[in-house]
Every structure is written in C-alpha cells, then in structure tokens.
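Structure first, commentary second.
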Amino acid sequence: MKQKWWQSSVVYQVYPRSFRDSNGDGIGDIPGITERLEYIKALGADVIWLSPVYESPNDDNGYDISDYCSIMPEFGTMHDFDVMLEKAHSLGLRIVMDLVVNHTSDEHAWFAASRSSKDSAYRDYYIWRDPKEDGSEPNNWGSCFGGSAWKYDETTGQYFLHFFSPKQPDLNWDNPKVRDEVFAMMSWWLDKGVDGFRMDVISLISKPEDMRDGDVMASGYTSFDVASNGPHVHDYLREMNRRVLSRYDIMTVGETPGVTVEEAQKYAGLDGKELCMCFQFEHMNLDADPVRGKYGFPQFDLVALKKNLAKWQTGLEGKAWNALYWNNHDQPRVVSRWGDDSDRYREKSAKMLATCLHMMKGTPFIYQGEELGMTNCRWESLDELNDIETIGNLRHHIASGLLTEEQALAVARLRSRDNTRTPFQWDSSANAGFTRGTPWLRVNPDYEKINAADQMARDDSVFRYYHELISLRKRMDVIVHGTFTLLEADDPDLFVYKREFGKEKLLVVCNFSKNEREYIMPEPFCGGSVLIGNRSSGTEDRIIGPYDAFVIYVKK
Ligand code: ISL
Ligand code: CA
C-alpha cells in the first residue's frame, strides 16, 4: 500500500483554553495559538489536533457544542480561525479539528426543537424513551460523569440519553437526517481547508437496538461501553467515508473507547474504508482502581503495559494503523503517572517515556506540555477543580462511601483531567507567560522551573529530546514501517523491544524504574551505534540505570 503522509506525521494536541491567552481575559484563545505556531513548528510536529473551538456553553469545556459552524466568542472569531489556519498552512502545519458528533449541547437548536414536542421534526435527532412503569429511568446505563445516563424532561414526560453530562444529549445516528446534517457540516469545514478530524467517542454512535440493562460497576450503573462498537457503527463510518472523507486528502483519527484489536482493524483498516487510525483505551485503563475505576488509586504494572502495547503493535501490523499516545486532555500527566516527577528524575523519565512511545509503529501524539515534562498539579482543595468528569465522579464516590473527602483530594492529584488542563508554561514570568490576566484555572506552581523558554535554551532538555525523536521519525523508514517484537516480556522494570525493516534494526531499551539492572544486549545489537538516548554511556555499558533509555541501530 502506498505510504500515506500521516503515517510519518507527529501530531501536537492543543487544548485552546489553556494554550495561550492573547487578550488578558485569562482564557486561552485562537489568536494566542496563532502567535505561537512557530513554537510547534520548532518542535518538529507537522499536524495540530485542535480541541473544540466551536460555540459552546462550556459545560464540558467545549465538548458540548451548540453551533458547529461558529467559533466560541471566548476563543475569538471565524476570521481569527481563518488567520490561524492560513498561517499554519504557510508554516507547513496541518490543522485537524475535533469532531464531537456523538452528542451536542442541550443548547443546540436541534435539541431545543427536539425537546419542545413529541411531534417536532427534530424529535428523533435524539434518543427519547418512556419511563419504566414505576417512573424510573429506562435502564441502568450510566453517565461517564457519574449517575444515570438518562435525564427526565418534564415538557414531554420522557427521558433522553446522555452518556456524558445532561447538557450533552446523545444524537440518534440511526436517523439518516442526523447523518446528512453531520456530513454536510464536515464538508463545510473541509472545504474551508482544514486537514481532517479527531472524532470524539466515535465508537459510541450506534446504540444497541434493545435498551436492555448492562453489567453495572460499583456505582450501580454501567459504563458507556454498553454502546461501544455498536451494531451499525461501521456502516455509518463507511457511509461517512464514501460521502465525505474519501473526497479529501486528510487525516482522521477515531477516539474509540471500548475498541479491540479486531474492531480497530475495521475502524483504522489500511483499506481506507473508514478512518486512518484510532486511539485505543486499554493501556490507559490498565492501572484503574479495580473498584473505583479511573477515579481511584492506580496500580501500575509494567508487564501488563508492555504486553498490551505489544498486542496492539502486532495486532494491527499490516492491517491497520495505531495512534500512539500517553497523554491528552483527559488523562493525567504521564511523567507523574508512569515516570517520576521528582527534580532528580523528572527530565530523565520524561525522555525515557518519550523514547518508548516514539520508537513504536504508528502516528505519535504529543499533548501540549508533555514535551516540557509538565507534571500533575498538587491541588490544595477539591474546590479548585474545574473538570465536570472529575467533580462528578468524586462526588458520586464520596456519596457512595467509595472515597473519603481526603482520599478524593489524593485521587484528584493523581487522576483529575484538570492535571493536563493547567495553563501551558511558556516562561518563568507571572502566570507562566500564559496570560497577563487571571488564569481560568490554577497555573501549576512548578512553572518557574518547568517552562518552554528554559527548555528551548538548553541542549539537554526534554523539548530538545522530543525534537530529536521527531526528526529521526522523519528520516528513518525502520521507525515508520518496521515490524515490532517485544523482548524480555516478563521483566518487571525494563521495556525492551526491537524494530526491523529489511536490514535495518533497532533495539529499544527503557528502564521504567529506579532499579539499577544489568542487561546483556542480544545479537546483532552488541556494538551497534546508539541512535538516541538519555545517558552518556554506549552499548558496552550493560548496567541500565534508573529511567535509562536508549536506542541501538544496526544495519546488517
Ligand atoms: O478517559 C475517559 C474514559 O475512560 C474519559 O475521561 C473521557 O470522557 C472519554 O475518554 C471520552 O472523551 C471524550 O468525550 C467526552 C469529553 O469529556 C472528553 O474530553 C473527550 O475527549 C465527551 O465529549
Ligand atoms: Ca483570551
């Protein structure tokens, strides 16, 4: 199959609210992004995934859209967007929009009409059901933000489905009019010149025909997985591809909670019938608390992580394409989660984590600040939190006795989505150079030592290391196309794998621990050259120190 441009791309995710504020209102905005496009270019990324900038009441920080074809005033105007897009293209950067069409805001005109009357022409744009005999919800499906996934609407005496906030009613994708509306809107953005879409929870759009109860979690409700990989999801994505996507040279990535390797071979098949690639969630959920889920006390197990990532690398080989990530706006900062954010090991472990991900097969995604080694925030109180998901889940866990108040604060510091939404740390000036106003969310106090200005000024910084990883991907076929083989599968500290492409071979060695280990390089890597690494010694050094990472290259 002919190589596609996005197979050797590196994507940089911008969360607009927290990237750069240009007008002093404390909220990041589009002109702020335009001012800093050169920074993203300097890193070496060639695609920007822009989290939503559409009109929204911000119940879920823009993932609740009330008008898909206008820009949220806090972020600027459509003219600001056009200026940003043009400048990005002039710099050789592509812009991929966030497409949130599993649901809209309840303030969208479609929903206002739908909820007004059972006879509305828009009634079946959403999913309405009668109460049970006793007046309770139609089934035990749960919202990702805590509680039931159904909200009762007095006006028409029915419940509507919302897998997220009650202000995010799920669209009814079984209705061809919904598909027509979405496809027309997508074409409108693509005709403006955007370069693709990241598709929010796209694996949930086709709900099971019967609305039967599912297996409940400790909360007493199901997860949204009852709807993942639904009966018609691939029909709808193939229709989207035929009617819209196939008409453009674009990149698409599905956010597909609940996806399996088998399902990903459809969503992200190399036959190009659906999407280019997809984000799997298994590795992100491996360290979930067995009772409390994501909002609990994580149990990190490297062996489980290695085997899961190896399954995805080999499972999609030759059939589909992986989107590679540690971080996004929904996950805690990886250097705090699976590295070590102490002064002594933060930069070293950040480079180790980057080496492990960026030497794999697939398209790597970098979340803003990850390239600096930005860390989780030590929230002082639950009142500081902004994120609807964190607040909703902690509230439900406290109410049901799954967490005490002080445990909830500890969990927030470990797991809150707010951890990756603290303002980007540009420099050591007030508010980390993010705003001259009052930031909408607390700036992480460690900004004076962790910021882009310092990182760009040093040759040994995390930023420079990411830049080198990206430039290696741009010039080495073995990184983009080589096969993956996991080595030392049961080693509890070392993540070791090899990549092979014809005569070119890489050995990737990453120590995910503080333990000093001895590792004898397998043939044919002994005496190979070190391509990149976070330590000064060469392959003769069999002692692998805390968070050491290096890549050996041989051609024979
Ligand atoms: O990680 C998660 C589930 O395990 C959740 O944080 C997240 O809500 C889920 O991955 C879906 O994410 C997407 O849809 C949500 C929005 O809140 C997230 O920000 C978005 O990435 C609803 O639009
Ligand atoms: Ca602003």
Side-chain angles (χ1 to χ4, degrees), residues 3-15 19-20 33-51 84-85 87-96 195-196 198 251 253 276-277 321-328 333-335 347 350-374 424-427 450-482 499 506 508 510 530-534 549-551 553:
Q3 175 176 341
K4 302 285 188 183
W5 58 264
W6 37 264
Q7 290 184 323
S8 54
S9 284
V10 176
V11 185
Y12 188 83
Q13 182 190 355
V14 170
Y15 191 74
F19 191 63
R20 167 87 176 156
I33 297 169
T34 305
E35 286 169 13
R36 295 295 159 102
L37 288 171
E38 282 86 354
Y39 167 79
I40 299 171
K41 180 72 179 177
L43 179 62
D46 53 292
V47 180
I48 294 170
W49 155 22
L50 196 61
S51 274
M84 176 193 65
L85 182 63
K87 180 174 178 185
H89 286 166
S90 72
L91 288 171
L93 295 170
R94 289 177 161 103
I95 301 276
V96 163
D195 302 287
R198 174 267 188 185
M251 185 190 107
V253 50
C276 302
M277 61 190 88
W321 199 256
N322 275 295
L324 307 173
Y325 71 105
W326 293 137
N327 260 135
N328 56 40
R333 292 262 177 204
V334 69
V335 73
E347 295 212 344
K351 293 173 186 174
M352 179 277 293
L353 289 160
T355 307
C356 182
L357 191 78
H358 283 256
M359 286 296 125
M360 283 190 194
K361 186 168 190 173
T363 298
F365 284 68
I366 299 167
Y367 178 76
Q368 68 179 46
E370 178 185 334
E371 78 281 7
L372 306 180
M374 278 179 67
F424 189 87
Q425 294 166 197
W426 290 102
D427 55 43
I450 304 173
N451 61 70
D454 169 63
Q455 290 283 311
M456 293 185 82
R458 285 192 286 118
D459 291 340
D460 65 343
S461 66
V462 182
F463 178 94
R464 293 286 167 219
Y465 196 87
Y466 267 82
H467 179 267
E468 178 57 18
L469 287 169
I470 294 168
S471 56
L472 286 172
R473 177 171 293 270
K474 292 292 178 193
R475 62 176 192 265
M476 297 186 78
D477 284 342
V478 62
I479 297 174
V480 177
H481 298 294
R499 303 287 312 279
L506 298 179
V508 183
C510 296
V530 174
L531 190 66
I532 187 171
N534 66 4
F550 55 90
V551 181
Y553 172 78

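Minimum interatomic distance between Phe365 and Ala323 (heavy atoms only, all atoms of both residues): CE1-CB, 3.7 Å. Residues Tyr12 and Gly369 approach most closely at OH-N, 3.8 Å, considering heavy atoms. Between Gly373 and Ile450, the shortest heavy-atom contact is O-CD1, 4.0 Å. Considering all non-hydrogen atoms of both residues, His467 and Gly44 come closest at CD2-N, 4.4 Å. Shortest non-hydrogen contact noted between Ala88 and Leu37 is N-CD1, 3.7 Å.
Using a 4.5 Å cut-off on side-chain heavy atoms (C-beta onward), Val11 and Asp46 make no contact. Within the 4.5 Å cutoff, the side chain of Val480 has no heavy atoms near those of the Lys474 side chain. Using a 4.5 Å heavy-atom threshold, the side chains of Leu353 and Trp326 count as touching. Within the 4.5 Å cutoff, the side chain of Leu43 has heavy atoms near those of the Ile470 side chain. Using a 4.5 Å heavy-atom threshold, the side chains of Lys87 and Glu38 count as touching. Using a 4.5 Å heavy-atom cutoff, the side chains of Leu469 and Leu357 are not in contact. In this structure the side chain of Leu50 reaches within 4.5 angstrom of the side chain of Ile33, judged on heavy atoms. Cys276 has its side chain out of reach of Lys4: every pair of non-hydrogen atoms, C-beta onward, lies at least 4.5 Å apart.
Residue pairs meeting the salt bridge (charged side-chain N to carboxylate O under 4.0 Å, His left out) criterion with at least one partner in residues 351-373, sequence neighbours excluded, are Glu317-Lys361.
Checking side-chain atoms of Asp195 against main-chain N and O of Ile95 turns up a donor-acceptor pair under 3.5 Å. Within the 3.5 Å criterion, the main-chain N or O of Arg20 finds no donor-acceptor partner in the side chain of Arg36.
By the salt bridge (Lys or Arg N to Asp or Glu O under 4.0 Å) test, Glu347 pairs with Arg458, sequence neighbours left out. Ala453 pairs by the side chain to side chain contact (heavy atoms under 4.5 Å, CB included) definition with Asp427, Asn451, not counting sequence neighbours. Qualifying side-chain hydrogen bond (donor to acceptor under 3.5 Å, both in side chains) partners for Ser51, counting only residues two or more places apart in sequence or in other chains: Gln13, Tyr63. With sequence neighbours excluded, the residues that form a side-chain hydrogen bond (donor to acceptor under 3.5 Å, both in side chains) with Gln425 are Asp446. In this view, Ser461 satisfies the side-chain hydrogen bond (donor to acceptor under 3.5 Å, both in side chains) rule with no residue, not counting sequence neighbours. The salt bridge (Lys or Arg N to Asp or Glu O under 4.0 Å) search around Lys41 returns none, not counting sequence neighbours. Residues satisfying the side chain to side chain contact (heavy atoms under 4.5 Å, CB included) test with Ala452, not counting sequence neighbours, are Tyr39, Leu372, Phe424, Trp426. With sequence neighbours left out, the side chain to side chain contact (heavy atoms under 4.5 Å, CB included) criterion links Leu472 to Met359, Glu468, Arg475, Met476, Ile479, Leu531, Ile532. Contacts of His481 classified as side chain to side chain contact (heavy atoms under 4.5 Å, CB included), with partners at least two apart in sequence or in another chain: Gln3, Gln7, Asp477, Phe501. Partners of Arg198 by salt bridge (Lys or Arg N to Asp or Glu O under 4.0 Å), not counting sequence neighbours, listed by chain and number: Asp98, Asp200, Glu255. Residues passing the side-chain hydrogen bond (donor to acceptor under 3.5 Å, both in side chains) test with Trp321 are Thr363, sequence neighbours excluded.
One distance of note links CD1 of Ile40 with CG of Leu93; it measures 7.0 Å at 0.5 Å rounding. The line from CE of Met360 to CZ of Arg499 is 9.0 Å long, rounded to the nearest 0.5 Å. Interatomic distance, Trp49 CH2 to Asn328 CG, rounded to the nearest 0.5 Å: 5.0 Å. Within the model, atoms CZ of Arg473 and NE2 of His358 stand 7.5 Å from one another, a figure rounded to the nearest 0.5 Å.
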Side chain to side chain contact (heavy atoms under 4.5 Å, CB included), that's the test. Do Asn534 and Met352 meet it? Break it down for me.
CA-CA 7 Å; Asn534 66 4; Met352 179 277 293; 4.0 Å; yes

With side chain to side chain contact (heavy atoms under 4.5 Å, CB included) as the criterion, how do Tyr466 and Ile366 come out once you've worked through the C-alpha distance, each side chain's angles and the decisive distance to 0.1 Å?
CA-CA 9 Å; Tyr466 267 82; Ile366 299 167; 3.7 Å; yes

Criterion side chain to side chain contact (heavy atoms under 4.5 Å, CB included) on Val551 and Thr355, from CA distance to verdict:
CA-CA 8 Å; Val551 181; Thr355 307; 3.6 Å; yes

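Remark: Arg94 fails to qualify as a cation-pi partner of Trp6 under the 6.0 Å distance and 45° angle criteria applied to the six-membered ring.
Using a 30° and 60° split on the angle between ring planes, Tyr367 and Tyr15 fall in the tilted class, from 30° to 60°.
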